[in-house]
Amino acid sequence: MSVARSGKQHKLGDGKRIVIKVGSALMADESKGAVRADWLANLADEIAKLKAGGRDVVMVSSGAIAVGRLHLGLKPGKLPLEEKQAAAATGQIRLAHAYQEALARHDITVAQVLLTLDDTEERRRYLNARNTIDTLLKLGAVPVINENDTVATNEIRFGDNDRLAARVAAMISADTLVLLSTIDGLYTADPNVDPGATFIPEVREITREISGMAGNALPGYSSGGMVTKLVAAEIAMSAGCRMVIADGRKDAPLSAIDAGGLATWFLPSDSPRSARKHWIAASLKAMGSLTLDDGAIGALRSGKSLLPAGVIAIDGQFERGDAVRILAQDGREVARGLVAYGAPDAKRIMGHKSREIEDLLGYRGRDVMVHRDDLALLEEAAQGPATSP
Ligand code: GLU
């Protein structure tokens, strides 16, 4: 095996918001129906270090099925979907509990978040999931995410969590996604088969040649193989998030990455913030418009959120989470944003102070009509390529 030359040394520690995905083979001892507690305790030490350094850490953890199946007396080997879902239901409790115990030693609170891929694709739920995870991070917790396997309507495939982790990273504007797996990164060919395989330390674009290196074979039961990892890399990179694949079997796998250990980095050309702004401005169909008074436009330009008080007219049949055009009084479009209220409620609260929302709607919604993170001023979004979130 040889290693292709790489440029600069990249470090996890340079990230601010880090999503770490852990594969089933690392998390679970399937034959015992248990989480690999010692391994997780070591990882928890590393997570605690990142948190102490001021980083937001989000875990995407597989292993529910692998941990759970034994407890239901399910035999080794392939399971039909309903048995996988049953296994996940009993394994997920153990998984969540193991994280809670491992991180409690560092006084870190764990929060379980079960998502379906739809939650990250469908706009309304997406806004809620993003807000919830943001709030958990602000409050210092470590969200531990898995797919909500019991309600999944499609076949649960190993490797789905690579994609889920990339979508989560995109959704919460993470700058770094780590895939901890049983392989140390990308090779030009399968290193177990081809002794001439060269290790690739750095990728800046998923070209056809790069995709070709993954092959089609899925190596092993609990690994989605390289194919799903490259799909994840594409999702992450187009959201301006760098991704790194590293071998999680070694001690202190995260520190090993920063110490220059073998790992493949996928590096985007854009930042998460500008990729997201560009996605909002250029990739979504606007379902309506909000017209603002001049004061509100000034506030948006100085980086503030849009409050209901600044809205003077509303057009269109949009729902919460849809993209809307944001117009000046003369009809000029100044921004695009994801709106926090559907059109009927938005009409009821426009022109009003945020503290009046509860009286007007009968529930306490969000204070803002469009949050500044969900807003792209058009001059600002003019830079950068059209991408997904
Ligand atoms: N959600 C599955 C589990 O926790 C794993 C899916 C995957 O490995 O990608 O067992």
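Start at 1 and go down the list; that is how both ligands and their atoms are numbered.
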* **Proximity of N161 to ligand 1 by residue part, where a heavy atom lies under 4.0 Å** => both
* Structure fact -> Quick look: D149 vs ligand 1, heavy-atom contacts under 4.0 Å, and the answer is side chain
Backbone or side chain, does any N or O of [X] fall under 3.5 Å from an N or O of ligand 1?
X    : answer
D162 : no
A64  : yes
A66  : no
K21  : no

* Structure fact -> For S181 and L26, the nearest pair of non-hydrogen atoms, with its separation, is N-CD1, 3.8 Å
* To do: Please report the shortest heavy-atom distance between V311 and M350, naming the atom on each side.
  => O-CB, 3.8 Å
* Do any heavy atoms of G63 fall under 4.0 Å from ligand 1? -> yes
Go through ligand 1 atom by atom and flag the ones less than 4.0 Å from a non-hydrogen atom of [X].
X    : result
D160 : 9 (O)
S62  : 4 (O), 5 (C), 7 (C), 8 (O), 9 (O)
N146 : 1 (N), 3 (C), 4 (O)

* To do: Give the intermediate values and the outcome of side chain to side chain contact (heavy atoms under 4.5 Å, CB included) for residues K49 and S255.
  => CA-CA 10 Å; K49 254 188 237 153; S255 315; 4.2 Å; yes
* Hey, what's the ring geometry for Y341 with Y363, parallel, tilted or perpendicular (30° and 60° as the breaks)? -> tilted
* **Trace of the side chain to side chain donor-acceptor pair (under 3.5 Å) decision for S31 with D29** => CA-CA 6 Å; S31 63; D29 184 337; 2.8 Å; yes
* To do: Can you sort out the partners of A189 under side-chain contact (heavy atoms from CB on, under 4.5 Å), two or more places apart, ordered by chain and number?
  => D194, A197
